[in-house]
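Shown next, in C-alpha cells, is the structure this report addresses.
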Amino acid sequence: MLTPIWGLPEPIIGFEASGHVTNADYKERMIPALEKAIAEKGKIRFLFVLGEAFEGYEPTAMWDDTFFGLKHMKDFERIAVVTDDSLYAGAIRLFAPMMPCEVKVFPLADRDAAKAWVAE
C-alpha cells in the first residue's frame with residue numbers, strides 16, 4: 001500500500017510504502033498525485049519511505065515506477081528515499097548517479113534528516 005505523507009512543506013510530495021505495493025497503488029494513488037504536483041508546481045521534491053512494514057513490490061508496480069521515472073526524470077529537484085532494506089537501498093544508490101537530480105538514501109532511523117535534506 002502507498003500512503004501519502006501529509007504536512008510536508010511545498011514543493012515536497014511524500015509517500016510511505018507498507019505491505020505489498022501493487023500496480024493499483026501506483027496507478028490510483030502515487031502517479032496521479034505526482035503528476036498533479038508536477039503540473040501545478042513544475043519541479044518537485046520527493047520523499048519516499050519504505051517503512052518497517054514494507055514487504056516488496058508487485059512486478060507490474062516496479063514497471064510503473066520505472067516508466068514514470070523515465071517519463072518525468074527531469075521533473076524532480078531532489079529525491080530522498082528512507083529504507084532499511086539493503087536490496088532497495090543498494091539499487092537506488094546504483095542508479096542515483098544516472099539521475100539529473102540529487103538522490104539520497106537514508107536509514108529509517110534518519111527519517112527526520114531525510115525530510116530536512118529534501119526540504120533544503
Side-chain angles (χ1 to χ4, degrees):
M1 177 191 303
L2 292 171
T3 306
I5 300 171
W6 304 109
L8 298 171
E10 295 287 332
I12 301 169
I13 304 297
F15 277 86
E16 182 161 356
S18 61
H20 197 73
V21 177
T22 68
N23 187 37
D25 291 327
Y26 268 90
K27 287 188 173 184
E28 295 170 10
R29 291 189 184 105
M30 193 160 76
I31 289 174
L34 291 173
E35 286 184 334
K36 180 180 180 206
I38 290 166
E40 291 174 356
K41 300 170 177 112
K43 289 191 174 216
I44 61 170
R45 294 170 180 230
F46 184 50
L47 173 67
F48 194 41
V49 179
L50 304 175
E52 290 179 16
F54 175 68
E55 297 172 359
Y57 289 96
E58 181 178 274
T60 53
M62 290 196 74
W63 169 249
D64 284 338
D65 183 52
T66 302
F67 182 74
F68 179 85
L70 291 172
K71 179 180 175 185
H72 291 285
M73 188 178 287
K74 295 183 180 182
D75 294 325
F76 291 87
E77 286 182 318
R78 276 190 170 181
I79 300 171
V81 180
V82 183
T83 184
D84 284 343
D85 187 298
S86 60
L87 178 66
Y88 289 106
I92 293 162
R93 286 185 183 105
L94 179 67
F95 290 104
M98 296 176 225
M99 295 289 293
C101 67
E102 292 179 273
V103 179
K104 194 168 180 182
V105 179
F106 296 82
L108 287 173
D110 291 343
R111 183 178 180 146
D112 289 339
K115 285 181 186 178
W117 178 82
V118 80
E120 287 179 353

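Everything quoted here is computed from the prediction, not taken from an experiment.
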*Checking side chain to side chain contact (heavy atoms under 4.5 Å, CB included) for the pair Leu50/Tyr57: CA distance, chi angles, key distance, verdict?*
CA-CA 11 Å; Leu50 304 175; Tyr57 289 96; 3.7 Å; yes

*Would you please test Leu2 and Phe48 for side chain to side chain contact (heavy atoms under 4.5 Å, CB included) and show each step?*
CA-CA 10 Å; Leu2 292 171; Phe48 194 41; 3.7 Å; yes

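Within 6.0 Å of the CD atom in Glu120, the count of heavy atoms belonging to other residues, nucleotides or ligands exceeds 12. Atom CE of Met99 sits in a crowded spot, with more than 12 heavy atoms from other residues, nucleotides or ligands closer than 6.0 Å.
Here the two rings, on Phe76 and His72, have centers that are 6.0 Å apart or farther.
The hydrophobic cluster containing Val103 also contains Ile38, counting ILVMFWY residues as joined when their side-chain heavy atoms lie under 4.5 angstrom apart, directly or transitively. Side-chain heavy atoms closer than 4.5 Å link hydrophobic residues (I, L, V, M, F, W, Y) into clusters, and following such links, possibly through other members, connects Phe54 to Val81. Ile44 and Tyr26 fall within a single hydrophobic cluster, where Ile, Leu, Val, Met, Phe, Trp and Tyr are joined by side-chain heavy atoms under 4.5 Å apart, directly or via other members.
Applying the salt bridge (charged side-chain N to carboxylate O under 4.0 Å, His left out) test to Asp25 and every residue at least two apart in sequence or in another chain returns Arg29. Scanning for salt bridge (charged side-chain N to carboxylate O under 4.0 Å, His left out) contacts around Lys27 gives an empty result, with sequence neighbours left out. In this structure Glu77 satisfies the side-chain contact (heavy atoms from CB on, under 4.5 Å) test together with Pro11, Lys43, Arg45, sequence neighbours excluded. Scanning for side-chain contact (heavy atoms from CB on, under 4.5 Å) contacts around Pro9 gives Ile12, Ala119, with sequence neighbours left out.
To the nearest 0.5 Å, atoms CD1 (Ile79) and CD1 (Ile92) are separated by 9.0 Å. Note that CG of Leu8 is 6.0 Å distant from CG of Leu47, once rounded to the nearest 0.5 Å. Note that NZ of Lys36 and CG of Leu34 are 12.0 Å apart. Values are rounded to the nearest 0.5 Å. Atoms CE and CD, on Met1 and Glu55 in that order, are 11.0 Å from each other to the nearest 0.5 Å. To the nearest 0.5 Å, atom CD of residue Glu35 and atom CE of residue Met30 are 11.0 Å apart. Atoms CG and CZ, from Asp75 and Phe68 in turn, are 7.5 Å apart once rounded to the nearest 0.5 Å.
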Side-chain donor/acceptor pairs under 3.5 Å, residues 104-117, sequence neighbours excluded:
| from | atom 1 | to | atom 2 | distance (Å) |
| --- | --- | --- | --- | --- |
| Arg111 | NH1 | Glu16 | OE1 | 3.1 |
| Arg111 | NH2 | Glu16 | OE1 | 3.0 |

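The stretch residues 85-103 participates, sequence neighbours left out, in these side chain to side chain donor-acceptor pair (under 3.5 Å) pairs: Arg78-Glu102.
Here the closest non-hydrogen pair linking Val21 and Ser18 is CG2-O, 4.4 Å.
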